[in-house]
Undergrad: 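I'd like to ask you about the structure that follows.
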Amino acid sequence: IIDHGQHPRTFGEIDNPTFREKGHNPFCGDQLEMFIVVDDDNIITDIKFNGHGCAISMASASMLTEMVIGKKLDYIKGLVDDFNAMLVTQDISDEAKERLGKIAILEGVKQYPSRIKCATLSWHALLNACEGKGTASTE
Ligand code: FES
């Protein structure tokens, strides 16, 4: 988490992305913006994010963006549902944890409820971008 937070892997912008969306955490005022390129088969071929946020939000965005490259858009909704469930409920299935892969390391964030919005900031933005819903808020 610390390494991804200090050195986000996909930090930056993409010119002419297919989707571009901001995420906003009103609790702290931090914002991230996602840039997503999708091919004709609805597969994410490139993704970057920029903006500012705490180490948890940066690490979460970094791991998320790394993970979804090469995935189809319709895979994103289920992934976000799994992530939200992991942070809000006590348990998720082993299959869901397997889908989340190394991102499941963020499960410990649920012990600090005020930081859950940090972890989900980029996830809301990605989902809204893919669904064309406009700026995402963690509220
Ligand atoms: Fe702002 Fe974490 S404190 S995103």
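Atoms within a ligand are numbered from 1 in the order they appear, just like the ligands themselves. As the structure is a computational prediction, the values presented were derived from the model and not from experiment.
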Undergrad: Under a 4.5 Å side-chain heavy-atom rule over Ile, Leu, Val, Met, Phe, Trp and Tyr, are Met58 and Val109 clustered together?
TA: yes
Undergrad: Regarding Glu131 and Lys77, does a basic nitrogen lie under 4.0 Å from an acidic carboxylate oxygen?
TA: no
Undergrad: Looking only at side chains, do Asn50 and Glu13 share a donor and an acceptor under 3.5 Å apart?
TA: yes
Undergrad: Which protein N, O or S atoms does atom 1 (Fe) of ligand 1 have within a distance shorter than 2.8 Å?
TA: Cys28 SG, Asp30 OD2
Undergrad: For the residue pair Glu21 and Ile36, establish whether any side-chain heavy-atom pair is separated by less than 4.5 Å.
TA: no
Undergrad: Would a line drawn from the ring center of Phe49 to the ring center of Phe11 be shorter than 6.0 Å?
TA: yes
Undergrad: With Lys72 as the cation and Tyr75 as the aromatic partner, state whether NZ or CZ is under 6.0 Å from the six-membered ring centre and within 45° of the axis.
TA: no
